[in-house]
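All remarks here apply to the structure that follows.
Note that the structure is predicted; figures quoted are calculated from it, not measured.
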2 protein chains.
Amino acid sequence: MPYKEREIEKKYYSIGEVAQMFKVAPSLIRYWEGEFDIINPKKDRKGNRRYTKPDIQKIKYIYHLVKEKGYTLQGAQEVIKSGKEAGIDKVEAVQKLQEIKDFLISIRDQYNSKSES
Amino acid sequence: MPYKEREIEKKYYSIGEVAQMFKVAPSLIRYWEGEFDIINPKKDRKGNRRYTKPDIQKIKYIYHLVKEKGYTLQGAQEVIKSGKEAGIDKVEAVQKLQEIKDFLISIRDQYNSKSES
DNA sequence: TTTTACCGTGCCATACAAAGAACGAGAAAT
DNA sequence: ATTTCTCGTTCTTTGTATGGCACGGTAAAA
């Protein structure tokens with residue numbers, strides 16, 4: 001037998017295989033596809049989805065956010081969009097500090113105006 | 001007039017006031033109380049909930065996680081839990097800052113009362 | 001005292017999010 | 001040719017999160 005494609009590593013995965021990886025129903029994978037723009041598997045002539053490894057990575061990320069971290073789908077979408085996920089709390093802490101600083105400045109100014117008058 | 005409690009800032013808030021702060025229904029505040037252990041307002045003789053500022057800060061944190069960051073209630077619970085075991089809790093840090101602010105307010109008010117008398 | 005205005009608990013209703021099921025159909029492997 | 005997997009669409013179910021009601025109690029104001 002001449003040249004035969006050897007299966008060292010799969011190039012594409014079917015929806016059933018992907019669903020199995022995450023132990024979810026195929027319908028859920030399709031459902032997420034409708035909810036998340038980043039999921040965009042190619043389709044063959046027949047229309048069947050062909051998932052590449054990067055595709056699966058993205059699904060994995062969504063799975064992580066939704067099933068492990070407890071985001072709503074919408075919350076997960078926002079996390080993905082903003083590209084962040086961690087570190088936001090620090091920003092908030094800094095904002096709070098700035099807020100307090102402004103408050104202190106206002107107190108100082110009040111004091112200054114009273115003693116000057 | 002001798003010693004009279006000055007109402008610089010309220011010590012306790014009713015559920016209605018708290019609900020109003022976050023523009024939600026009082027029933028939601030009660031519901032969260034059942035879902036989140038960290039919410040534990042004291043109750044007066046009659047049974048009415050009395051919220052202190054730290055209580056409100058905790059509610060604020062939950063509000064932030066659920067309404068702004070898009071966590072499910074369960075997801076928010078886990079964030080809160082894991083944040084505590086991490087030792088340095090960001091919420092507590094922010095709460096601490098708030099406490100400091102309150103302290104500064106008390107200093108300011110003391111100053112004001114002296115100059116007024 | 002009567003009214004007004006909360007608040008309590010407990011239960012039920014709604015709204016929407018999330019997921020799954022059911023349908024008929026087609027390709028491909030066995 | 002029977003089984004197995006997939007398709008898209010649509011329908012149905014489940015679950016979460018929230019709101020609202022009924023009914024009673026308390027307190028303070030009128």
Find out whether [X] and [Y] are in side-chain contact, i.e. whether some heavy atom of one side chain is under 4.5 Å from a heavy atom of the other.
X	Y	result
A/L65	A/I80	yes
B/I38	B/I62	yes
A/F36	A/I59	no

Would you mind reading off the distance between [X] atom [atom1] and [N] atom [atom2], rounded to a whole angstrom?
X	N	atom1	atom2	value
B/I59	D/dT18	CD1	P	13 Å
B/F36	D/dT18	CZ	C1'	13 Å
A/Y51	D/dC7	OH	C1'	11 Å
B/E35	D/dA17	CD	C1'	9 Å
A/R49	D/dC5	CZ	P	17 Å
A/R45	D/dT6	CZ	C1'	16 Å
B/Q77	D/dT16	CD	C1'	12 Å

Neighbour count >12 (heavy atoms, 6.0 Å) for atom CG, B/D44: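 Enclosed.
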Boundaries of the chain B footprint along DNA chain C (any atom under 4.0 Å from a heavy atom):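 Here the contact window of chain B covers C/dC7 to C/dT9.
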Between CD on residue A/Q77 and CD on residue A/Q74, distance to nearest 0.5 Å: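 Rounded to the nearest 0.5 Å, the CD-CD separation comes out at 6.5 Å.
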DNA chain D-proximal residues of residues 16-31 of chain B, any heavy atom under 4.0 Å: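 Those residues whose heavy atoms fall under 4.0 Å from DNA chain D, taken from residues 16-31 of chain B in numerical order, are B/A25, B/S27, B/L28, B/Y31.
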Any B/K46 side-chain N or O less than 4.0 Å from OP1/OP2 of D/dG24: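 Answer no for this pair, as no side-chain N or O of B/K46 is under 4.0 Å from OP1 or OP2.
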Short side-chain N/O contact to D/dT16 OP1/OP2 from B/T72, under 4.0 Å: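 No, B/T72 has no side-chain N/O under 4.0 Å of OP1/OP2 on D/dT16.
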For [X] versus [Y], what's the shortest heavy-atom pair and its separation?
X	Y	value
A/Y71	A/A76	CB-N, 3.9 Å
B/I39	B/E33	O-CG, 3.8 Å
A/R49	A/Y51	CD-OH, 3.0 Å

Listed pairs under 3.5 Å, donor-acceptor, residues 19-29 of chain A side chains, sequence neighbours left out:
none

